[in-house]
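Report on one structure; see the data block that follows.
Counting begins at 1 with the first residue of the sequence.
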Amino acid sequence: MSPSIIRTALFVPASRPERIPKALAVGADAVIVDLEDAVQESLKVEARAHLDGFLTANPEARLLVRINAPEHAGHGADIELCGRHAGVIGVLLPKVESAAQVARVAACGKPVWPIIESAAGLLALAEIARAEGVERLSFGALDLGLDLGLSSGSAAAERMLDQARYALLLHSRTAGLAAPLDSVFPAIEDRDGLARTTRDARDMGFDGLLCIHPKQVEVVHRALLPAEEELAWARRVMRAASSGEGVFVVDGQMVDAPVLGRAQRLLQRAGESPA
C-alpha cells in the first residue's frame with residue numbers, strides 16, 4: 001500500500017472482529033481497526049485481545065490501528081500490540097498534542113498518522129508534522145469543533161474548520177508528508193453530501209477521507225475521479241509534452257512546469273500513467 005494513494009481509510013471496531021475481513025474486502029485503500037472511539041470503555045481490553053487474535057490467525061492481513069489516546073490507561077498496551085504484529089502497517093494516534101506523544105508511538109517501529117482533535121493539537125501542528133515516524137496527517141472535525149466551541153454543521157463552523165484543513169495541508173507539504181485525509185462524514189445515508197464533501201477535499205489538496213461505513217467507499221472513490229473533460233485535456237498535454245519542449249501551447253494555453261504537473265496529477269488520480 002503506497003502512502004501516496006490513500007483515497008479511503010475505512011474504520012472497523014476491534015470489538016467486532018468478524019467485521020475485519022469484510023472491511024478488508026470492501027475495496028478501501030486502507031482499513032483502520034479502531035481501539036478508541038468505536039469501542040466502549042468496558043470492552044477495551046476484550047477488543048485488544050480480539051485484534052491480537054485476528055492478527056495472529058491472519059498474518060497476511062495488512063491494516064492500520066487507531067489506538068487509544070495518550071492519556072488513556074490502555075495506550076501503552078495498544079502500542080505494544082501494534083509493535084508485535086507485522087500486519088499492522090501504521091498507527092493512528094488520536095488527540096495528539098505534542099511531538100513527544102508521536103515519538104512514543106513511533107518507537108514501536110510503525111508509521112504514525114496523528115489525528116488533530118484539539119486547539120492544543122493545532123498549535124503544535126508544526127512540531128507534530130515534523131516528528132520522526134509521521135507519514136500523514138488527519139483531523140477529527142467533531143472533536144475539534146467541540147473543543148473550539150463551534151456550532152457543528154453550521155456554515156460558520158465549516159469556515160473555521162477549513163482553516164484547520166489549510167493548516168494540515170500546509171504542514172504536510174512543508175514536512176514532506178503524504179497528502180492529508182479529511183475527517184469522517186457522519187451522515188452515512190447522505191451520498192450526495194458525501195460526494196460534495198469529497199470533491200471539496202480533493203480540490204483543497206487532500207488525498208481522500210476517513211470513512212465510517214463500507215457504503216461510503218465507492219462514493220468517495222467516484223467523487224475523487226477527475227471529470228472526463230479534465231482527463232482529455234491532461235492526455236493532450238502529455239502528448240504535447242513528448243516533444244521535449246520546456247514550454248508549449250495546448251488548446252491556446254501556455255503549458256509550463258506547473259501546468260504539466262497538474263496534468264500529471266489528474267492522470268494519476270484516474271489511475272493512468274502520466275508518462
Side-chain angles (χ1 to χ4, degrees), residues 1-3 5-96 101-102 104-115 117 133-138 140 143 178 181 183-186 188 207-221:
M1 180 182 65
S2 168
I5 312 173
I6 300 293
R7 301 163 297 173
T8 48
L10 175 64
F11 283 107
V12 59
S15 54
R16 300 296 299 273
E18 74 280 2
R19 293 185 181 178
I20 299 176
K22 297 175 183 178
L24 289 167
V26 162
D29 293 324
V31 168
I32 305 164
V33 180
D34 193 7
L35 292 168
E36 196 219 8
D37 280 352
V39 179
Q40 64 188 75
E41 193 62 37
S42 63
L43 297 178
K44 295 284 189 180
V45 174
E46 179 182 346
R48 189 183 306 115
H50 283 320
L51 177 55
D52 192 11
F54 176 83
L55 289 166
T56 300
N58 301 274
E60 77 289 349
R62 294 295 179 264
L63 47 81
L64 296 106
V65 177
R66 179 164 69 174
I67 62 175
N68 284 290
E71 303 304 318
H72 191 275
H75 183 68
D78 292 347
I79 296 173
E80 189 275 334
L81 169 67
C82 292
R84 281 194 289 109
H85 288 283
V88 177
I89 57 174
V91 180
L92 275 73
L93 177 59
K95 301 176 177 60
V96 59
Q101 292 171 339
V102 174
R104 183 183 180 191
V105 177
C108 79
K110 308 294 184 177
V112 183
W113 295 12
I115 309 177
E117 301 184 81
V134 172
E135 184 172 85
R136 73 171 70 235
L137 301 172
S138 188
D143 285 285
L181 295 181
S183 184
V184 300
F185 186 82
I188 295 171
D207 257 3
L209 272 71
L210 300 173
C211 298
I212 56 173
H213 195 281
K215 66 174 62 176
Q216 293 183 321
V217 171
E218 181 187 357
V219 177
V220 172
H221 287 180

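In this structure, NE2 in His85 is found 11.5 Å from SG in Cys108, a value given to the nearest 0.5 Å. To the nearest 0.5 angstrom, Ile115 atom CD1 is 9.5 Å from Asp143 atom CG. Atom CG of Leu51 is separated from atom OG of Ser15 by 11.0 Å, given to the nearest 0.5 angstrom.
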Taking it one step at a time, do Phe11 and Asp37 satisfy side chain to side chain contact (heavy atoms under 4.5 Å, CB included)? CA-CA 10 Å; Phe11 283 107; Asp37 280 352; over 6 Å; no
Any chance you could lay out the side chain to side chain contact (heavy atoms under 4.5 Å, CB included) test for Ile67 and Leu93, step after step, and finish with the verdict? CA-CA 6 Å; Ile67 62 175; Leu93 177 59; 4.1 Å; yes
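With sequence neighbours left out, Ala38 forms a side chain to side chain contact (heavy atoms under 4.5 Å, CB included) with Pro13, Asp34. Not counting sequence neighbours, the partners of Val219 by the side chain to side chain contact (heavy atoms under 4.5 Å, CB included) test are Arg191, Leu194, Ala195, Arg222. With sequence neighbours left out, Glu36 forms a side chain to side chain donor-acceptor pair (under 3.5 Å) with Arg66, Lys95. In this view, Glu80 and Arg84 satisfy the side chain to side chain contact (heavy atoms under 4.5 Å, CB included) rule, not counting sequence neighbours. Scored by the side chain to side chain donor-acceptor pair (under 3.5 Å) test, Thr8 finds His221 as partners (sequence neighbours excluded).
Between Ala14 and Leu35, the closest heavy-atom pair is CB-CD2, 3.5 Å. When all heavy atoms of Gln216 and Phe185 are compared, the closest pair comes out as NE2-O, 2.9 Å. Closest heavy-atom contact between Leu181 and Ser138: O-OG, 2.8 Å. Looking at every heavy atom in both residues, Cys211 comes nearest to Val220 through SG-CG2, 4.1 Å. Nearest heavy-atom pair across Pro94 and Leu92 is CD-O, 3.4 Å. Residues Ala28 and Leu10 approach most closely at CB-CB, 3.9 Å, considering heavy atoms.
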Counting only pairs under 3.5 Å, give me each side-chain donor-acceptor contact of residues 55-65, with atom names and distances, residues two or more places apart or in other chains.
from: Thr56; atom 1: OG1; to: Asp52; atom 2: O; distance (Å): 2.9
from: Asn58; atom 1: ND2; to: Phe54; atom 2: O; distance (Å): 2.9
from: Arg62; atom 1: NH1; to: Pro59; atom 2: O; distance (Å): 2.8

Under 3.5 Å, side-chain donor or acceptor atoms of residues 70-79 against the rest of the protein: list the pairs with distances, not counting sequence neighbours.
from: His72; atom 1: ND1; to: Gly74; atom 2: N; distance (Å): 2.8
from: His72; atom 1: NE2; to: Glu41; atom 2: OE1; distance (Å): 3.2
from: His72; atom 1: NE2; to: Glu41; atom 2: OE2; distance (Å): 2.8
from: His75; atom 1: ND1; to: Asn68; atom 2: O; distance (Å): 2.8
from: His75; atom 1: ND1; to: Ala69; atom 2: O; distance (Å): 3.3
from: Asp78; atom 1: OD1; to: Arg48; atom 2: NE; distance (Å): 2.7
from: Asp78; atom 1: OD1; to: Arg48; atom 2: NH2; distance (Å): 3.2
from: Asp78; atom 1: OD2; to: Asn68; atom 2: N; distance (Å): 2.9
from: Asp78; atom 1: OD2; to: Asn68; atom 2: ND2; distance (Å): 2.8

Listed pairs under 3.5 Å, donor-acceptor, residues 18-26 side chains, sequence neighbours left out:
from: Glu18; atom 1: OE2; to: Arg16; atom 2: NE; distance (Å): 2.5
from: Glu18; atom 1: OE2; to: Arg16; atom 2: NH2; distance (Å): 2.9

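Between Val96 and Val105 there is no side-chain heavy-atom pair separated by less than 4.5 Å.
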